[in-house]
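Predicted model, so just to flag it, every value in this text is computed and none were measured.
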Amino acid sequence: MSDGLEEVRRLATNLGRIAGDAVKDVDEVLKKGAQNIKTEMQADVSGSPHFKGMAGAITYDSHYLPGRARYVIGPDKGRRGGALGNIYYFGTSRGGGSGDIDKPLRSEEPRTVSALEALAARWAGRL
């Protein structure tokens with residue numbers, strides 16, 4: 001006869017393993033998504049006759065906090081051509097604003113969400 005403590009211990013052990021792997025696994029998915037968004041942003045700007053020189057300034061950086069992975073993607077103002085990013089995406093009173101900053105995110109969102117759902121299903125299977 002079991003009092004249920006063994007099952008609770010096993011569940012706690014499995015949850016601890018999943019929590020330890022989760023940040024690393026989620027980071028891998030987000031990093032791939034960030035790379036895909038960066039690549040699409042570079043391709044979009046490379047097609048512009050006026051702003052193609054800023055393609056090399058589009059980068060991504062990771063910003064970590066305990067238990068959380070986050071990426072920031074876009075033109076790096078410290079790189080050659082990076083300061084043109086504001087004009088390309090948002091424009092000025094004289095024009096510009098021809099880039100769609102949300103398009104790469106809309107393209108990548110279904111793939112990243114699908115990969116995160118697959119991770120959640122895999123973790124659920126480990127319980």
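With sequence neighbours left out, Tyr60 forms a ring pair (Phe, Tyr, Trp, His ring centres under 6.0 Å) with Tyr71. The salt bridge (charged side-chain N to carboxylate O under 4.0 Å, His left out) test applied to Arg79 returns no partner, not counting sequence neighbours. Remark: Lys31 engages no residue in a salt bridge (charged side-chain N to carboxylate O under 4.0 Å, His left out) (not counting sequence neighbours).
Between Asp44 atom CG and Thr39 atom OG1 the span is 11.0 Å, to the nearest 0.5 Å. Atom NZ of residue Lys32 and atom CG of residue Asp27 lie 14.0 Å apart, to the nearest 0.5 angstrom.
Across all non-hydrogen atoms, the minimal contact from Asp25 to Arg122 is OD2-NH2, 2.7 Å. Smallest separation of non-hydrogen atoms from Lys38 and Thr59: CD-CA, 4.1 Å. Between Gly81 and Ala57, the shortest heavy-atom distance links the atoms C-CB, 4.1 Å. Shortest non-hydrogen contact noted between Met41 and Pro104 is CG-CG, 3.4 Å.
Within a 6.0 Å sphere centred on NZ of Lys52, heavy atoms belonging to other residues, nucleotides or ligands number 12 at most. When the shell of 6.0 Å around CZ of Arg111 is examined, it contains more than 12 heavy atoms from other residues, nucleotides or ligands. Counting heavy-atom neighbours within 6.0 Å of Lys103 NZ, excluding the residue itself, gives a total above 12.
With salt bridges taken as basic N to acidic carboxylate O contacts below 4.0 Å, none links Arg106 and Glu109.
Taking 4.5 Å as the limit, some side-chain heavy atom of Leu119 sits within range of a side-chain heavy atom of Leu116. Annotation: side chain of Leu84 is not in contact with side chain of His50 (no heavy-atom distance under 4.5 Å). Inter-residue side-chain proximity for Pro75 and Tyr88 is flagged as unmet; no heavy-atom pair is nearer than 4.5 Å.
A continuous path of ILVMFWY side-chain contacts below 4.5 Å connects Ile58 to Phe90, so both sit in one hydrophobic cluster.
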